[in-house]
Colleague: 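Okay, handing you the structure first.
Note that the structure is a prediction, hence the values are computed from the model and not measured. Protein chains get the first letters and strands the later ones, always in sequence-line order, with residue 1 at the start of each.
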Amino acid sequence: MRRFHVYDSRTRETRVFAPITPPRVGLYVCGMTPYSAAHVGHARTMVFFDVVARALRRWGYRVFYVQNVTNLDDKVIARAAESGDDPLGLADHQFREYLASMERLGVRSVNLYPYATDYVPEIVAQIRTLVDKGYAYRADDGSVYFEVAKFAPYGALSGQRVEELRPGARLELDPRKRSPEDFVIWKSATPGEPSWESPWGPGRPGWHIEDTAMTGRLLGDRYDLHGGGIDLIFPHHEAEVALAESATGVAPLANYWLHGGLLLLEGTKMSKSLGNVARLDAVLDEYGPMPLRLFYLNASYRSPLEFDPEKSLVEAREAYGRLAQPATRLAELIDRGGAEREGEELPDGVEVEADDLVERLDTLLASDFATREAIAALYSWGRRVGELGNLTRFSGAGLSGLYGPYAWGEEVLGLFVRPATGASGAWSEIVPVALEARARARARGDFAEADRIRDALAAQGVRLEDGPDGTRWEFVASG
RNA sequence: GCCGAGGUGGCAGAAUGGUUAAUGCGACGGACUGCAGAUCCGUUUCCUGGGGGUUCGAUUCCCUCCCUCGGCUCCA
């Protein structure tokens, strides 16, 4: 297991990571509330934690990655009421759409996406414990509240002090609460809305306790890593700490807290409530997953990142094209020639350079996931590969050696993934024959014939590019 | 008001107590090419919010001020 450092927002310092029970690592990330389509801000967080899970697995940790689904809350109910849908059905549908986008984005590292409503028994049990221990109380209407004053460390995670919380518009004065900062963990039932029986009457779970009930069941009283967007740190994560540590008496709930920076649109946070969103599926349709992943990973994960709908991904697409060009070229040659392909060995030292670079890439990621620096190093590798000139002369083993850093990028960053081409097996036999015929035509100056061949291949979705070391070809997506 | 994160070239965005402050985009110039497309090479000297302090040396550490963003019970 590789040693790595991670910035822990609870202690506000970069710390060496030490798992509770190596090599296992419990990773819990707050997922989205599926009441409407995911936007590119959500996806930034998900891509980052995808890279975390990929890196840890590469380094020998056995990661159990849970991402919860808050499939029932006020917003889901409100949205369902607008459209006349069943709330749980709406959430289920939206979540499936979200999963489809994650699949397109290459986010496949999550082991389990639990629905909050599948954990009502655990939630009720935890509330019962809190009530029994005196941390929570039932209000007259059957709702149950957590009494913040009973939990002394409240505010430690986020640095908030209860007495400094602004008694502003959003901290409503609610006669059911003993104190304004108390938060609801069981909401008494409203007729027509989904509800469950409980010792306090019919109702449904409050937001914060869903997570602590699920993590208690799935990851235990204490676990290694808890992640989410920085906007969740207060009150949501603060509340989780209060609930779990009060209920179990064990602290800390999570050994490391990772918070991802937000995506900004025109300088302000992208959010569904503000309406300034770029939908994830639309962006994937227009640019594909790789430029988007590059765009996210091109910044420090903790910093705010400005998303310009007109420019950001146009630029990322250009940048990704350059970054991936040598990788694509190498992969094509390896695919078509096989690992046994004959040819020259690499010049002295190049293989060692590739291995050293892979080690350096791991080292960079192990330093609080410095994806941007890893990407810069991959650009320099592209230049190094370019210096070697015509790649077609190298053996399969040599080409594989050159591909090493890109294989790392594929494994950890999820970049350099090529769309499946399906028919390429058969085409890899046919296209070279056509290219030879075309090369002969060009050599004798018969450009009409050469262009005819090029057009014929183009009609089949095969695009040609003449370059100094011959003609390369590829399938063009769609037709 | 309180808590937190930031301020770096035309733009995006890294890093660092010390030679030319990474990388990418853009721009400009060139190479290659039958054409197309793509690629490659070079250039882009004057860029670290203001003011103090520590130091031989500060963009980096400390203090202060200004500004931006996020959170303050819906939020990735």
Colleague: Among B:C25, B:C3, B:C74, which nucleotide has an atom closest to any side-chain atom of A:Gln160?
Modeller: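 Nearest listed nucleotide: B:C3.
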Colleague: Check whether more than 12 heavy atoms from other residues, nucleotides or ligands sit under 6.0 Å from atom CZ of A:Arg15, and answer yes or no.
Modeller: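 Yes.
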Colleague: Nearest-Å distance, CD (A:Glu13) to P (B:A5)?
Modeller: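 Checked: the CD to P distance equals 13 Å.
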Colleague: Nearest-Å distance, OH (A:Tyr379) to P (B:C41)?
Modeller: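 Roughly 13 Å, once rounded to whole Å.
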Colleague: Nearest whole angstrom, please: distance from the C1' of B:C69 to the CG of A:Leu263.
Modeller: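 These atoms are roughly 13 Å apart.
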Colleague: Would you say the base of B:C35 and the side-chain of A:Asp466 have a donor-acceptor pair closer than 3.5 Å?
Modeller: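 Donor-acceptor pair under 3.5 Å: yes.
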Colleague: Would you mind telling me which of B:A76, B:G26, B:A15 lies closest to the side-chain atoms of A:Glu373?
Modeller: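 Per side-chain heavy atoms of A:Glu373, the pick is B:A15.
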Colleague: For the side chain of A:Arg372 and the base of B:U23, is some donor closer than 3.5 Å to an acceptor across the two?
Modeller: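 Donor-acceptor pair under 3.5 Å: yes.
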Colleague: In whole Å, what separates the C1' atom of B:G13 from that of B:G7?
Modeller: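 It works out to 13 Å between them.
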Colleague: Sort and list the pairs that fulfil side-chain hydrogen bond (donor to acceptor under 3.5 Å, both in side chains) and have at least one residue in residues 311-324 of chain A, not counting sequence neighbours.
Modeller: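 Qualifying pairs: none.
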Colleague: Taking a pair as Watson-Crick (N1 to N3 plus N6-O4 or O6-N4) or G-U wobble (N1-O2 and O6-N3), both under 3.5 Å, which stems of 3 or more consecutive pairs involve RNA chain B?
Modeller: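 Stem list for RNA chain B: B:1-7 with B:66-72, B:10-12 with B:23-25, B:26-31 with B:39-44, B:49-53 with B:61-65.
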Colleague: Indicate, yes or no, whether a donor-acceptor pair under 3.5 Å links the base of B:C72 to the side chain of A:Arg161.
Modeller: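 By the distance-only test, no, there is no pair.
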Colleague: Distance criterion of 3.5 Å, no angle test: do you see the side chain of A:Glu315 paired donor-to-acceptor with the base of B:G24?
Modeller: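 Side chain to base: pair found, below 3.5 Å.
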Colleague: Below 4.0 angstrom, N of the basic side chain to O of the carboxylate: do A:Arg463 and A:Glu465 qualify?
Modeller: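 Here A:Arg463 pairs with A:Glu465 in a salt bridge, since their nearest N and O are under 4.0 Å apart.
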Colleague: Between A:Arg472 and B:A38, is there a contact of a side-chain N or O with OP1 or OP2 at under 4.0 Å?
Modeller: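 No, no such contact exists.
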Colleague: Looking at B:C11, I'd like to know if its phosphate oxygens (OP1 or OP2) sit under 4.0 Å from a side-chain N or O belonging to A:Ser312.
Modeller: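 For B:C11, neither OP1 nor OP2 has a side-chain N or O of A:Ser312 closer than 4.0 Å.
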Colleague: Choose from B:G26, B:G4, B:G24 the nucleotide whose nearest atom is closest to any side-chain atom of A:Arg12.
Modeller: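 Closest of the options to the side chain of A:Arg12: B:G4.
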Colleague: At under 4.0 Å, does any side-chain N or O of A:Arg383 touch on OP1 or OP2 of B:G24?
Modeller: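 Looking at the OP1 and OP2 atoms of B:G24, one of them is under 4.0 Å from a side-chain N or O of A:Arg383.
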Colleague: Identify, residue by residue, the members of residues 224-236 of chain A with a heavy atom below 4.0 Å from RNA chain B, and return them in order of residue number, or none.
Modeller: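 Heavy-atom contacts with RNA chain B come from A:Gly228, A:Gly229, A:Asp231, A:Leu232, A:Phe234, A:Pro235.
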Colleague: Closest to the A:Arg454 side chain: B:C35, B:A14, B:C74?
Modeller: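 It is B:C35.
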Colleague: Which whole-number value in Å describes the distance from A:Tyr7 OH to B:G4 P?
Modeller: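 Whole-Å distance recorded here is 10 Å.
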Colleague: Measure from the side-chain heavy atoms of A:Glu181 and tell me the nearest of B:C3, B:U73, B:A76.
Modeller: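 Of the candidates, B:U73 comes closest.
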Colleague: Can you measure A:Glu147 atom CD to B:U73 atom P for me and round it to whole angstrom units?
Modeller: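 Value for this atom pair: 19 Å.
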Colleague: With respect to the side chain of A:Glu318, which nucleotide from B:C11, B:U73, B:G26 is positioned closest?
Modeller: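 From the listed options, B:G26 comes nearest.
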